[in-house]
Amino acid sequence: MADASGSLPSPSGSLSKKKSGKKNKKNSQKAARSVIPVLKEVDGNAVRQDPAPASAGQASGTPSNQKEKQLHTKTSIPDLKPLTSVGATTTASASASSGSSNTASHEKPAKMSNNDKKGVTDESADFPISEPATTNPVSPSSTQVDSTGIDYADALKDGLKESGLKEGTEENVEDLPVEGTREEPAEKPTKMTTLPIHDNTTREKPSNADRDAEREKQALYDEYPSLYFEGNDNELAQLERDRANAYQAAGIRFAPFNIPLQRRLQTLAVLLHSLSIATTVSFFFFLCAIPLFWPLIIPYLLHMLLSKAATDGELRFRSERLRHSRIWRFFADYFPAKLHKTHGLPADRKYIFGYHPHGIISHGAFAAFATEALGFSEKFPGITNSLLTLDSNFRIPIYRDYILAMGLRSVSKESITNILSRGGSDGHGAGRAVTIVIGGARESLEAQPGTMRLVLGERKGFVKVAMRTGADIVPVLAFGENDLYDQVSPKSHPNLHRLQMFVLRTLKFTLPFLHGRGIFNYDVGLMPYRRPLNIVVGKPIRVTQRAESDLKTSEIDQLHGLYLKELEKMWERYKEGFAPERIEEMQILN
């Protein structure tokens, strides 16, 4: 240890120096314990209590009967750096008074090693909270000073200042006033009294148009019930997985080989119906190539040209067994298709069902009204319905017999009048019905996915027939019919559209340029897409029978307007549920 003059001690005092160093270390630890203030818990609060004086000869300088000074429990323990320096000073003082050998009274205190400092600091931090008091409590007005002359109140304040906290609180010390300056009283916060708000402004009352729209909406919901698509979720989910995991080649997704038999049969049923015209015509020419069948072919052709089965209204050749065949159940499940009933139809009335839209081939109309796959006779018991098609279809050999057996009839005015005026429960057509795809071939050219364009503005012939026969008019809206095929848009190919219109005016039918899916792929072919079909039968419009001479244009227009209004109601009521992916609203075209 160096003295004050900086000279080195003699070698003879090295041994005593080591002993005195160990003794000084012990004394420094004792002195550090003796100078650390003790906190005593009084009434749930920590109270500071100072240790006894370092020597018996020193006076503590603290009055005996003073109030205890309480420290708030939220006060953070300050950094002990000031206490460490205090302990070092006390150690030096104790070392100087010990009178150890080879050390002059005027020498500086021995320096402590890092380990010694660490021990002092650690022991200083682990003082007991509940240690019994040894001295009298410190009054708030007095200052505790030990033999080293260290003011512990100032040391504690310095530690609190370094930690950034005010004693007993969590306030920042930087925000405190500087010592020696007069602290201005803080302004009391102004209390904001919240008064009840009285809205004296006149609220905007709903207009008559808004009230009328709300009433119409409520009446619409009361008039048409809620409908839901009851499809097989497992099959639809499996179909989507197959499409996502399909093998692709040249941009075409091919169906996997492990398709369930049920779906294979569904595809076969739709394929047979879609190729029915091509199949029957090919088979007829095959028979014509065999001279053995000529004696049968000639009489058959004469019968086909002269037969009135499609227009006489007697419903001959209609086969209920074929209409109830299981193959049509597979046909309907292919999409899948669903027939929804919204209102009951009395069996003592006759009806004209208006089917919209036409689509490309009207698969929904065939499934709902030409077969019993969707349960028409169960939903509307006592009503015999006939789907109507072009009269030219009954001039195709063998194919005409197929559609006659399915209950299809001609869409001519003569055919409609005869069906609704003959037969039935009363012999005058009661309980009979016909289904007309009113838009026709013209509407098929407007069939685009996500749209509902109805060519209906000037088509009032079905209203006249309904008034002549006294048949009620029933609107039918097929959601999803236009989504079964993709077609060339007339806006992007105007020249092609003009050609289609020329063929329509000349031959009374047209050939849409379409494409769908294939038999073994999902992207290319003439098969319809597997997309849901929801066929909604609306509210019947009561029609009073009139004679031909009593028909008035105003009454025809009135009934036609009511029919359009019912279609709009059905669209507004069910478009959210059955047409969520629509790209436009329903349009009525001329």
Side-chain angles (χ1 to χ4, degrees), residues 212-230 335 337-346 349 351-359 362-365 367-369 374-376 379-380 383 385 387 433-440 443 446-457 459-460 462-463 466 471-484 531-543 558-589:
D212 293 342
E214 188 66 24
R215 282 195 296 266
E216 289 180 2
K217 184 177 181 180
Q218 185 61 37
L220 178 63
Y221 277 77
D222 295 339
E223 186 176 0
Y224 283 95
S226 299
L227 301 177
Y228 304 96
F229 176 71
E230 301 175 357
F335 302 101
K338 177 72 176 179
L339 180 64
H340 301 275
K341 173 185 176 181
T342 60
H343 295 79
L345 301 179
R349 299 286 298 175
Y351 304 94
I352 295 180
F353 290 83
Y355 185 88
H356 307 276
H358 184 282
S362 301
H363 287 297
F369 304 110
L374 304 183
F376 178 86
K379 297 179 183 296
F380 306 101
I383 298 177
N385 197 346
L387 179 63
V434 295
T435 300
I436 307 174
V437 185
I438 298 176
E443 193 173 87
E446 300 292 339
Q448 298 287 339
T451 65
M452 184 71 73
R453 301 168 187 167
L454 309 183
V455 181
L456 191 59
R459 303 207 172 193
K460 304 176 183 177
F462 68 100
V463 179
D472 297 341
I473 306 175
V474 183
V476 179
L477 206 57
F479 294 88
E481 183 70 59
N482 287 341
D483 300 335
L484 301 182
R531 293 171 181 171
L533 264 175
N534 290 281
I535 304 158
V536 182
V537 180
K539 180 182 178 181
I541 300 174
R542 187 81 177 211
V543 178
Q558 182 181 4
L559 285 176
H560 186 264
L562 290 175
Y563 184 80
L564 296 180
K565 188 175 182 180
E566 286 299 323
L567 285 176
E568 293 175 355
K569 288 182 180 179
M570 296 169 64
W571 170 258
E572 293 295 333
R573 181 65 176 88
Y574 301 116
K575 65 180 181 180
E576 298 296 336
F578 295 151
E581 298 181 358
R582 64 189 182 278
I583 60 177
E584 64 182 25
E585 297 298 318
M586 185 178 69
Q587 300 181 22
I588 305 298
L589 307 179

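Computed from a prediction, not measured in an experiment: that's the story for all the values here.
Classification of the Y351-F353 ring pair by plane angle, with boundaries at 30° and 60°, yields tilted.
For E568, the side chain to side chain contact (heavy atoms under 4.5 Å, CB included) test picks out M586, with sequence neighbours left out. Applying the side chain to side chain contact (heavy atoms under 4.5 Å, CB included) criterion to K341, with sequence neighbours excluded, gives K379, F380. In this structure, the salt bridge (Lys or Arg N to Asp or Glu O under 4.0 Å) partners of K569, at least two apart in sequence or on a different chain, are E223, E566.
Atoms NE2 and CD1, from H356 and I588 in turn, are 8.0 Å apart once rounded to the nearest 0.5 Å. Rounding to the nearest 0.5 angstrom, the gap separating the CD1 atom in I352 from the CD1 atom in I541 is 11.5 Å. How far CG of L559 is from CZ of F462: 9.0 Å, rounded to the nearest 0.5 Å. D222 CG to R215 CZ: the interatomic distance, rounded to the nearest 0.5 Å, is 13.5 Å. From Y574, atom OH reaches atom CZ of F479 across 8.5 Å, with rounding to the nearest 0.5 Å.
The side-chain heavy atoms of V455 and H358, taken from C-beta on, include no pair separated by under 4.5 Å. Residues V536 and F578 form a side-chain contact, since some pair of their non-hydrogen atoms from C-beta on lies under 4.5 Å apart. Within the 4.5 Å cutoff, side-chain heavy atoms of L456 are placed close to those of Y563. Put simply, the side chain of L454 does not reach to within 4.5 Å of the side chain of Q587, judged on heavy atoms. Using a 4.5 Å heavy-atom cutoff, the side chains of P475 and L477 are not in contact. Annotation: side chain of R582 is in contact with side chain of K575 (closest heavy-atom distance under 4.5 Å).
Geometric assessment of R573 against the ring of Y221 yields a positive cation-pi assignment under the 6.0 Å and 45° thresholds.
Of the possible polar contacts, none joining the E481 side chain to the L533 backbone as a donor-acceptor pair under 3.5 Å is found. Of the possible polar contacts, one joining the N482 side chain to the T451 backbone as a donor-acceptor pair under 3.5 Å is found. Although no hydrogens or angles enter the test, the distance criterion places a donor-acceptor pair under 3.5 Å between the side chain of T342 and the main chain of V537. Using a distance-only test at 3.5 Å, with no hydrogens or angles considered, no donor-acceptor pair links the side chain of R531 to the main chain of L484. The backbone N or O of R453 sits nowhere less than 3.5 Å from a side-chain atom of E446 that would complete a donor-acceptor pair. When atom types are taken as modelled, the side chain of Y355 and the backbone of V476 share no donor-acceptor pair closer than 3.5 angstrom.
D472 has a carboxylate O that lies under 4.0 Å from a charged side-chain N of R349, or vice versa, which qualifies the two as a salt bridge.
Smallest separation of non-hydrogen atoms from L345 and P540: CD2-CG, 3.6 Å. Here the closest non-hydrogen pair linking G354 and I438 is CA-CD1, 3.8 Å. Contact record, A478 with P357: O-CD, 3.4 Å, taken as the closest heavy-atom pair. The two residues A368 and I535 make their nearest non-hydrogen contact at CB-CD1, 3.8 Å. Here the shortest heavy-atom pairing between R459 and G439 reads NH1-O, 3.0 Å. L374 and A367 make their closest contact through CG-O, 3.9 Å (heavy atoms, listed as atom of the first residue, atom of the second, distance).
Aromatic pair Y224/H340: centroids not less than 6.0 angstrom apart.
The environment of CD in E584 is crowded: more than 12 heavy-atom neighbours from other residues, nucleotides or ligands sit within 6.0 Å.
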